[in-house]
Amino acid sequence: GLPETAIKAIEPIYQKALKEKEIAQACRALAEKIVLEGEIQGNKPEEKIQRLEEEINKTTPEMKPVLRIILAKWYYHYFSRNRYRFIDRDTTVNLDSKDFTTWDLPKLFNHIGSIYENVLKDEETLSQVPISKLDNFLEEGNVPTSLRSNLFEFFAHEALEFYMDDEQTTAKPKNAFEIEVDSPAFASVEEFVKWEPQTIDKDSCNLKALKLFQRLLSINIATNNESALIDNDYKRLLWVKGIAVGENKQEAYEKALQSLIANHPDNEFTSLPMSGLARIQVQKGNNIEALATAQKVVEKWPNSFGAPEARNVISDITTPSLSFNTEKVLSSSNSEIKISFKNLDKAYFRLIKRSETDFLSTEYYDPDSITRKQFEKLLTLEPFKSWEESLDPGKEYKLQNKVVALFQFIEELNKLKQKSVINVNNYNNNGWYFPLSNLPDDPDNITVFYRDRVEDEDASIGSTLL
């Protein structure tokens with residue numbers, strides 16, 4: 001609540017961290033200081049960005065990479081808050097202005113991309129700095145440090161997050177680089193890292209993401225980091241599946257997953273592509289195969305990253321389900337219920353009579369909408385008929401259908417000669433009507449009375465319509 005006081009408290013912390021070369025603490029203190037200064041100036045993202053750029057120019061070389069990553073994220077945050085401005089903005093050709101608030105979207109995204117590229121140029125130096133150097137800066141997550149063991153790998157994934165963002169399609173040029181399904185994009189790791197795609201779209205975010213995946217996977221191979229390789233390769237395949245163009249994309253993706261699994265059968269991170277494969281098998285209707293794949297993940301690696309999705313697959317396959325459809329108005333000639341079910345061998349029915357008083361007890365009552373309270377009340381009534389239906393769930397965990405005839409029950413109801421009176425006065429304010437075409441053609445059992453609407457209620461005329 002007191003930003004000026006907080007700034008004064010942060011300054012000595014920042015200076016001490018600089019003196020002791022505590023990079024993480026210094027970057028954190030500086031970023032917090034800039035945020036507080038921005039609050040004083042109106043809490044505008046552009047104010048923070050400008051201040052951070054000024055600090056980057058005069059800070060130590062060790063801090064620059066971390067601060068530039070923060071800068072890239074702040075630029076993207078500015079876009080997120082002002083997305084509507086960029087979507088409707090015309091292309092600003094040959095604009096060299098330093099005022100980024102006037103840029104079009106391609107120029108802004110290219111600038112953010114250039115910040116990431118500038119940081120990642122120094123791969124050799126960043127690779128020698130362990131990720132633990134940022135312990136006081138990063139919030140602890142659930143990703144093991146073995147997957148992002150140094151600053152280069154961590155910063156590379158931050159850049160990938162930007163390059164693979166769906167918003168990139170908004171700024172895509174006419175001759176944009178596209179990844180073909182039959183290209184080496186779905187190939188083995190060894191073939192993929194050697195691929196040199198040809199394109200005139202050198203600024204393509206897809207091209208930059210592809211090259212980053214190649215760099216990361218090459219590092220994983222060189223360092224024999226199997227877990228990181230599986231993690232990065234699975235992310236690569238997921239990304240390619242989302243953006244590749246051409247036929248048989250799903251088949252190529254499935255084949256690549258199977259190859260990845262076969263090459264690393266005993267690493268717990270293989271649980272990720274295995275759970276992905278199980279999901280594909282469900283989509284193809286191979287529920288038994290999918291269940292076996294998912295169960296293998298849970299049994300072999302119960303606490304792995306892929307286990308939650310595997311459990312979701314198992315639940316989707318084995319959970320019982322039941323739904324039914326019927327006509328709104330049932331008659332002796334049209335009295336069937338279609339049941340759709342899965343993993344059930346019996347269904348229980350109760351047919352309940354409802355009086356006209358119950359129908360009209362609620363103002364603006366809609367027969368198609370029953371509240372929970374009304375439903376609970378219905379369940380307490382004595383059923384006119386109750387019975388059970390045997391169901392055949394099959395052996396493949398698939399949705400089954402069965403038609404249940406209600407003819408005999410409709411006949412019994414007709415014999416009771418039920419009388420239903422609908423008082424339209426209760427519905428005048430709601431424009432109530434009931435199409436006569438909805439009534440069954442059963443003149444022996446149904447009689448309709450009507451009263452004309454006139455200005456003088458005493459002059460209303462009653463008559464028999466049918």
Side-chain angles (χ1 to χ4, degrees), residues 23-24 61-62 64-66 68-69 72-73 113-135 137-138 140-165 177 179 183-197 202 204-241 243 256-257 259-273 276 304-306:
I23 305 301
E62 294 82 4
K64 288 184 187 296
V66 180
R68 283 177 176 147
I69 295 296
K73 286 187 166 294
S114 69
I115 295 174
Y116 283 116
E117 288 181 71
N118 188 39
V119 172
L120 296 174
K121 281 192 306 185
D122 198 3
E123 178 179 336
E124 183 177 355
T125 301
L126 294 175
S127 297
Q128 295 173 3
V129 182
I131 192 65
S132 58
K133 284 290 185 181
L134 296 184
D135 282 350
F137 182 76
L138 300 175
E140 185 177 355
N142 61 350
V143 178
T145 56
S146 60
L147 301 186
R148 317 279 191 271
S149 61
N150 56 62
L151 291 194
F152 176 79
E153 292 176 343
F154 175 76
F155 291 158
H157 278 276
E158 293 295 306
L160 278 174
E161 186 178 324
F162 168 72
Y163 290 139
M164 296 189 299
D165 194 291
F177 168 66
I179 295 178
S183 70
F186 276 124
S188 66
V189 173
E190 292 76 15
E191 186 178 350
F192 172 73
V193 296
K194 296 176 182 177
W195 181 29
E196 296 182 5
K202 301 300 181 182
S204 166
C205 283
N206 284 342
L207 181 63
K208 292 176 180 179
L210 187 152
K211 289 185 175 297
L212 260 184
F213 272 120
Q214 289 178 322
R215 292 168 72 180
L216 286 168
L217 289 168
S218 295
I219 292 172
N220 299 152
I221 294 172
T223 58
N224 198 28
N225 190 339
E226 185 183 30
S227 296
L229 186 144
I230 296 169
D231 181 63
N232 286 324
D233 202 29
Y234 181 54
K235 283 182 171 61
R236 183 256 300 195
L237 296 175
L238 273 175
W239 169 68
V240 173
K241 180 177 74 91
I243 65 166
L257 283 185
S259 177
L260 177 58
I261 293 166
N263 290 334
H264 308 279
D266 299 318
N267 189 295
E268 71 169 328
F269 282 92
T270 301
S271 62
L272 291 167
S304 64
F305 281 91

Under 3.5 Å, is there a donor-acceptor pair linking the side chains of Asn267 and Ser227?
yes
Shortest non-hydrogen contact from [X] to [Y]?
| X | Y | value |
| --- | --- | --- |
| Ser271 | Ser304 | OG-OG, 3.1 Å |
| Phe152 | Ile219 | CE2-CD1, 3.5 Å |
| Gly276 | Tyr234 | CA-OH, 3.8 Å |
| Ala256 | Leu237 | CB-CD2, 3.7 Å |
| Leu212 | Ala156 | CD1-O, 3.6 Å |
| Pro65 | Val119 | O-CG2, 4.0 Å |

With under 30° as parallel and over 60° as perpendicular, where do the rings of Phe305 and Phe269 fit, or are they tilted in between?
parallel
Does Asn232 reach the side chain of Arg236, with side-chain heavy atoms less than 4.5 Å apart?
no
Do the non-hydrogen side-chain atoms of Met164 and Leu238 ever get within less than 4.5 Å of each other?
no
Roughly how far apart are Leu217 CG and Lys235 NZ, rounded to 0.5 Å?
11.0 Å
Rounded to the nearest 0.5 Å, the NZ atom of Lys73 sits from the CD1 atom of Ile115 at a distance of 12.0 Å
Please check this pair: side chain of [X] against backbone of [Y], looking for a donor-acceptor N/O pair closer than 3.5 Å.
| X | Y | result |
| --- | --- | --- |
| Asn225 | Ser146 | yes |
| Arg215 | Glu153 | no |
| Tyr116 | Phe155 | no |

Identify each donor-acceptor pair in which a side-chain atom of residues 126-135 lies under 3.5 Å from a protein atom, sequence neighbours left out, and give them as a table.
from, atom 1, to, atom 2, distance (Å)
Ser127, OG, Glu123, O, 2.7

With side-chain contact (heavy atoms from CB on, under 4.5 Å) as the criterion, how do Phe192 and Asp233 come out once you've worked through the C-alpha distance, each side chain's angles and the decisive distance to 0.1 Å?
CA-CA 10 Å; Phe192 172 73; Asp233 202 29; 5.6 Å; no
After noting the C-alpha distance and the side-chain angles of Phe154 and Ile69, does the key distance pass the side-chain contact (heavy atoms from CB on, under 4.5 Å) rule?
CA-CA 10 Å; Phe154 175 76; Ile69 295 296; 5.5 Å; no
Trace of the side-chain contact (heavy atoms from CB on, under 4.5 Å) decision for Gln214 with Lys211
CA-CA 5 Å; Gln214 289 178 322; Lys211 289 185 175 297; 4.0 Å; yes
When Glu226 is tested against each of Asn224, Ile230, Leu229, Thr223 for side chain to side chain contact (heavy atoms under 4.5 Å, CB included), which residue passes?
Ile230
Under the criterion side-chain contact (heavy atoms from CB on, under 4.5 Å), I'd like the reasoning laid out for Leu210 against Tyr163: C-alpha separation, chi angles, the key distance, then a yes or no.
CA-CA 9 Å; Leu210 187 152; Tyr163 290 139; over 6 Å; no
